[in-house]
There are 2 protein chains.
Amino acid sequence: MKIALAQLNFHVGNFELNTAKILEHIEKAKVEGVDLIVFSELSVCGYPPYDLLEQRDFVYSCINAVNDIATHCSGIAAIVGAPSLNSNPSGKQLFNSAYFLSNEKIQQIVNKSLLPTYDVFDEYRHFEPNRQFNIVNYLGKKIAITICEDLWDDQPTENSFGRTRLYTRSPMEELSKFSPDLVVNISASPFASKKSLIKKSLFTGHAKRHHVPLFYVNQIGANTELIFDGGSMVVNPSGNIIDTLSLFKEDFKIYDLDSAKQDVSEDKAADIQEIEKIHSALILGIRDYFSKMGFKRALLGLSGGIDSAIVAVLATEALGSENVRVLLMPSKYSSDHSVKDAIDLADNLGIQYSIVNIQPIVDSFLGVLIPLFETEKLGLTEENLQARIRGTLLMAASNRFGNLLLNTSNKSEAATGYGTLYGDMCGALSVIGDLYKTEVYDLARFINRQREIIPENTISKPPSAELRPDQKDSDSLPDYSVLDDILFHFIEMQQSLSELLTEGKSEEASKKALRLLNINEYKRFQMPPVLRVSAKAFGFGRRIPIVASLPR
Amino acid sequence: MKIALAQLNFHVGNFELNTAKILEHIEKAKVEGVDLIVFSELSVCGYPPYDLLEQRDFVYSCINAVNDIATHCSGIAAIVGAPSLNSNPSGKQLFNSAYFLSNEKIQQIVNKSLLPTYDVFDEYRHFEPNRQFNIVNYLGKKIAITICEDLWDDQPTENSFGRTRLYTRSPMEELSKFSPDLVVNISASPFASKKSLIKKSLFTGHAKRHHVPLFYVNQIGANTELIFDGGSMVVNPSGNIIDTLSLFKEDFKIYDLDSAKQDVSEDKAADIQEIEKIHSALILGIRDYFSKMGFKRALLGLSGGIDSAIVAVLATEALGSENVRVLLMPSKYSSDHSVKDAIDLADNLGIQYSIVNIQPIVDSFLGVLIPLFETEKLGLTEENLQARIRGTLLMAASNRFGNLLLNTSNKSEAATGYGTLYGDMCGALSVIGDLYKTEVYDLARFINRQREIIPENTISKPPSAELRPDQKDSDSLPDYSVLDDILFHFIEMQQSLSELLTEGKSEEASKKALRLLNINEYKRFQMPPVLRVSAKAFGFGRRIPIVASLPR
């Protein structure tokens, strides 16, 4: 049996595009004599559809598209993902389903059993879990179809209070009773740094335990915050990876079922550094946000610092230098080297820049505010004012030129509230809001691995917001190497202060970090969507009440 | 048996405060010879805790507090709500539990069976559903304890594609097999306009069907967006409401079980207008946001229009006139009557106001932007600029005086994107973001029911943003009476365009509204939290992807 894996980039709700892509690959597979072609989870509508699943038209558009695709399945079978209606009048309205199509008809519908409802996933919000297990018979072979989380019944967790067995059922245990000839897993599994090892061990573990080949097809492409990395794979019954599909791009490959049973001495999976994956993920995240929203051009403020430098580089790689425009907006607190560093970077990238001195605008605000406030010492108010004037200028340029504003905040800043709401926290998309400052430096070094794109001075100088004379980040925050380590333990590992202290973290720095983290939920609530590259990003996957009495 | 219902305002994570409140009411009940005192769902930690339930310290603080409370239960029993640990190694880590405390010990733990996972509720994210049903025996009586959603197995839905039976189990059917003497329901059921009738019919229906008295205790108080209205009640076995507790404030009442079985000729429930409930809800929402966040004073921009007028009134009622400060920020497009109307309102309310002419600041921006943009015609850019200058001034005043900025956008504006991000969309809390413009007028008339607080001219003049000469909202939007009706059908009822057209709505207005609704998800993503008073508010309970191909 010849099996094709189609790893494609779907656009949520774009039924015309998604169906056309699916049909194009079915035709391609037919030409190659493929017996079965497999698409990813909810491929027909794109993942994640969220509450669009509550709209009748959306659901029927999915079902109509599946029926349409089925009519093209002659001489070939296809597995596509789409919601299906729950015929039981009790329970959630829908199932998250794999449709098995052949002979121009829907032959069988297999429903997802394990519904992830944690972090960024809300599947039980819309779907009823499957409780009846069945196999698909096709060309004399028994196919066990699983959907994403169905193979994640026993998953490791970073959270020290988390648990590995979130479900009371194990679909593979149930399906193995049928002695399947192969397992198919259709997924929409988003990228998170360091997650690929976990994923591989889950898949190879299942294949080995049940001595069955496994064909895994993942979605690729970004939909708002979530970046799907692809990396579809075939695992042999000994639990070795026979082959993988590309990371971060569409791919299409054909395998023979028998050859997928062959022995290999070791996993045939590319060994890619995590920082390179993050780099690719962020570029894909920007590119898809723009292309799927119908925009071409980006805009950002370039300060001479490392955060905006990185975002400018990533935007240029994603959209092309002709589509990126930057504003340099010095005030009287800006150092000369900041402007020079920013110009050097813009020149290196070949992007258009303009310099706007914000001091006259600062002064016009002060002319109004000093009498109103009855004081000449504005302190933090003046710092925030500069940031908000820059935000306003950037939004004006965005209005005027139609370039979308990119946000340049990093995760350390977002965590500690070291940023101005409606100022440097503006933007349509936060590009590096899921990278700690230390990771931003790692990425800068990766970007400069062959030649100096980001000026060395930008990387080597001490970080500063330049909102008051001789300001340094280290005036207000612990050193980033200390801070980021602490934040990781609070955010990703969800540890408590007492656990951190037991592990020997600095008490002063830990208390300060926890207090800042906890008093700034209100700011993060109004952040732009953050491209997610870690196991726990700010935004949709981390839901902390604003009004709460938290350790501070 | 004497039963006390304690309807209290809890602060999420404030274990000291919540425990003290619970203990105070246990002591009060003891003095009155009460046999059983009932507190609301998750009373020990406050509802909703969201992902704090993923933190070990938080969960153990809950359990420690329950153990502490238990030691005070001698000569009395108490039912308190808190998470409990799932001892099965599979499934979610926690249950959402009712602890039955007596003889200074935890006697029994009853777990919630139906976990709401829709709209603003995410309970399956953290909790495993109960599958084993049991009764509590106390003083010779059999008590069926249920937790909130457990009695909502058959609930009406506004969404035309929604369904009424979201669960495959019915806890009351299971519990009725034990022939209970009474049913207790502990809840954290947030206010939504028009929901109280549904709630009453569910409770009276269950009591009548199973011929058993029902004691319902709801949380009151606001936690960020969610406003819990209280309204706890006692229903007799004939399905009539014997008594209700206060709406929107703490209450404590004692009932005799036998007298709760008496017949009454009709429901003893106060008949309060929906607009009065919304008024009370918003005041409570503001008051609790401030008091629980540790703030006293509010700030807002007063334009002379109806939206900011309403917010100023509500803030004054919530916080006192001495704690509300307003800025009037006219530009050259502001009409004279706008300033006068705003001053009249400020005088009526006795709140402090300052007038800041923004024109010099507008001009300083234009001095920079006109050369940069190579045009004198800024159009929409200049409109947004004015709004952002006002936002920046308000945030500066917030920085300087420590007053929290209140947002004044309404639901019609938020729906259509008729507002400026980082401009009039600024603020810590959106007060009327869940009220359509027509409802804002209703509320203004309610506020003026006895005397003219909001100047009549503010109510009667045509709505205008005053960002360009002679601008009117009706230049850009359908009439609000038409628009709001259409938006309600799209948002609350989740109908499709074709359904609206079938019902005879205007095609032009419906298409325009749907397009505007769908292209503005990105703006709403960065809105402040919105006080929720409808069945479908923007924010946490409505999850539409930003990057999606929606009808437009």
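Scope of the values below: all heavy atoms of this structure, side chains included, with no hydrogens, waters or symmetry mates. Being a predicted model, the structure only gives us computed values, none of them experimental.
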- Task: Give the member of Gly294(B), Pro360(B), Ala397(B) that has the highest number of heavy-atom pairs under 4.5 Å with chain A.
- Result: Ala397(B)

- Message: Which atoms of Pro116(B) are under 4.5 Å from chain A, going by heavy atoms: the side chain, the backbone, both sets, or neither?
- Response: neither

- With respect to chain B, which residue among Asn384(A), Leu166(A), Leu421(A), Thr164(A) yields the maximal number of heavy-atom pairs within a distance under 4.5 Å? Leu166(A)

- Which portion of Glu382(B) sits near chain A, non-hydrogen atoms under 4.5 angstrom: neither

- Scored by heavy-atom pairs under 4.5 Å with chain A, the best of Tyr50(B), Tyr289(B), Phe58(B) is Tyr50(B)

- Message: Could you report the tightest heavy-atom contact between Leu372(A) and Phe401(B), atom names first, then the distance?
- Response: O-CZ, 4.1 Å

- Query: Are Ile389(B) and Phe365(A) side-chain neighbours, meaning at least one heavy-atom pair lies under 4.5 Å?
  - Reply: yes

- Side chain, backbone, both or neither: which part of Leu85(A) has an atom under 4.5 Å from a heavy atom of chain B? side chain

- Message: Report which part of Asn14(A) has an atom under 4.5 Å of a heavy atom belonging to chain B: side chain, backbone, both, or neither.
- Response: both

- Note on the structure: When rounded to the nearest 0.5 Å, the distance separating OG1 of Thr117(A) from CZ of Phe127(B) is 14.0 Å

- Message: Is Pro529(B) in contact with chain A via its backbone, its side chain, both, or neither, using a 4.5 Å heavy-atom distance?
- Response: both

- Answer whether the closest heavy-atom distance between the side chains of Leu393(A) and Leu369(B) falls below 4.5 Å. yes

- Message: Below 4.5 Å, heavy-atom pairs only: which of Asn357(A), Leu17(A), Val368(A), Asp153(A) has the largest tally toward chain B?
- Response: Val368(A)

- Per-residue contact mode, Glu499(A) against chain B (heavy atom under 4.5 angstrom): side chain

- Query: Ser496(B) and Asp57(A): which non-hydrogen atoms are nearest, and at how many Å?
  - Reply: CB-OD2, 3.1 Å

- Is it the side chain or the backbone of Pro528(A) that comes within 4.5 Å of chain B heavy atoms, both, or neither? both

- Item | Point-to-point distance, once rounded to the nearest 0.5 Å, from OG of Ser90(B) to CZ of Arg163(A) | 7.5 Å

- Top contributor to chain B contacts, counting heavy-atom pairs under 4.5 Å, from Arg169(A), Arg400(A), His126(A), Glu128(A): Arg400(A)

- Whatever's closer than 4.5 Å to a heavy atom in chain B on Pro49(A) counts as backbone

- Query: Which atom names give the shortest non-hydrogen contact between Arg125(A) and Tyr118(B), and what distance separates them?
  - Reply: NH1-C, 3.5 Å

- Atom pair CD (Gln93(A)) and CZ (Arg165(B)), whose distance is rounded to the nearest 0.5 Å: 14.0 Å

- Item | Flag side-chain contact, heavy atom, 4.5 Å: Met395(A) against Leu385(B) | no

- Message: Please determine whether side-chain contact (heavy atoms from CB on, under 4.5 Å) holds for the pair Tyr422(A) and Thr392(B), giving the CA-CA distance in whole Å, both sets of side-chain angles, and the decisive distance to 0.1 Å.
- Response: CA-CA 8 Å; Tyr422(A) 322 128; Thr392(B) 300; over 6 Å; no

- Note: vs chain A, highest number of non-hydrogen pairs under 4.5 angstrom among Leu380(B), Asp154(B), Thr375(B), Leu378(B) is Thr375(B)

- Message: Taking side chain as everything from C-beta outward and backbone as N, CA, C, O, which of these in Pro89(A) sits under 4.5 Å from a heavy atom of chain B? Side chain, backbone, both or neither.
- Response: backbone

- Item | Interface moiety of Leu115(A) toward chain B, non-hydrogen atoms closer than 4.5 Å | backbone

- Task: Enter the distance from Tyr522(B):OH to Met293(A):CE here, rounded to the nearest 0.5 Å.
- Result: 8.0 Å

- Message: Quick check for you: among Phe540(A), Tyr124(A), Tyr167(A), which has the greatest number of heavy-atom pairs under 4.5 Å with chain B?
- Response: Tyr124(A)

- Query: Would you say the side chain of Ile544(A) lies within less than 4.5 Å of the side chain of Leu52(B), judging by non-hydrogen atoms?
  - Reply: yes

- Query: With a 4.5 angstrom heavy-atom cut-off, which part of Leu53(A) approaches chain B: side chain, backbone, both or neither?
  - Reply: backbone

- Could you tell me which portion of Tyr60(B) (side chain, backbone, both or neither) has an atom closer than 4.5 angstrom to a non-hydrogen atom of chain A? side chain

- Tightest non-hydrogen contact, residues Asn399(B) and Arg388(A), listed as OD1-NH1, 3.8 Å

- Note on the structure: Of all heavy-atom pairs linking Ser364(B) and Ser364(A), the shortest is OG-OG, 2.7 Å

- Query: Roughly how far, to the nearest 0.5 Å, is the CZ atom of Arg543(A) from the CG atom of Asp122(B)?
  - Reply: 4.5 Å

- Please assess Phe161(A) against Glu54(B) for the test side-chain contact (heavy atoms from CB on, under 4.5 Å), listing each intermediate value before the final yes or no. CA-CA 7 Å; Phe161(A) 186 54; Glu54(B) 296 177 10; 5.6 Å; no

- Task: Between chain B and each of Ser498(A), Gly91(A), Gly13(A), count heavy-atom pairs under 4.5 Å; write down the option with the most.
- Result: Gly91(A)

- Message: Between Gln526(B) (side chain only) and Gly427(A) (backbone N and O only), is there a donor and an acceptor less than 3.5 Å apart?
- Response: yes

- Under 4.5 Å to a heavy atom of chain A? For Glu16(B) that would be neither

- Query: Side-chain contact, heavy-atom cut-off 4.5 Å: Glu225(B) with Ile546(A)?
  - Reply: no

- Please round to the nearest 0.5 Å and tell me the distance separating atom CZ of Phe373(B) and atom OG of Ser354(A). 9.0 Å

- Query: Judged by atom type as modelled, is there a donor-acceptor pair below 3.5 Å linking the side chain of Gln55(B) to the main-chain atoms of Gln495(A)?
  - Reply: no

- Task: Might you point out which heavy atoms bring Arg131(A) and Thr168(B) nearest each other, and give the distance in Å?
- Result: NH2-OG1, 4.3 Å

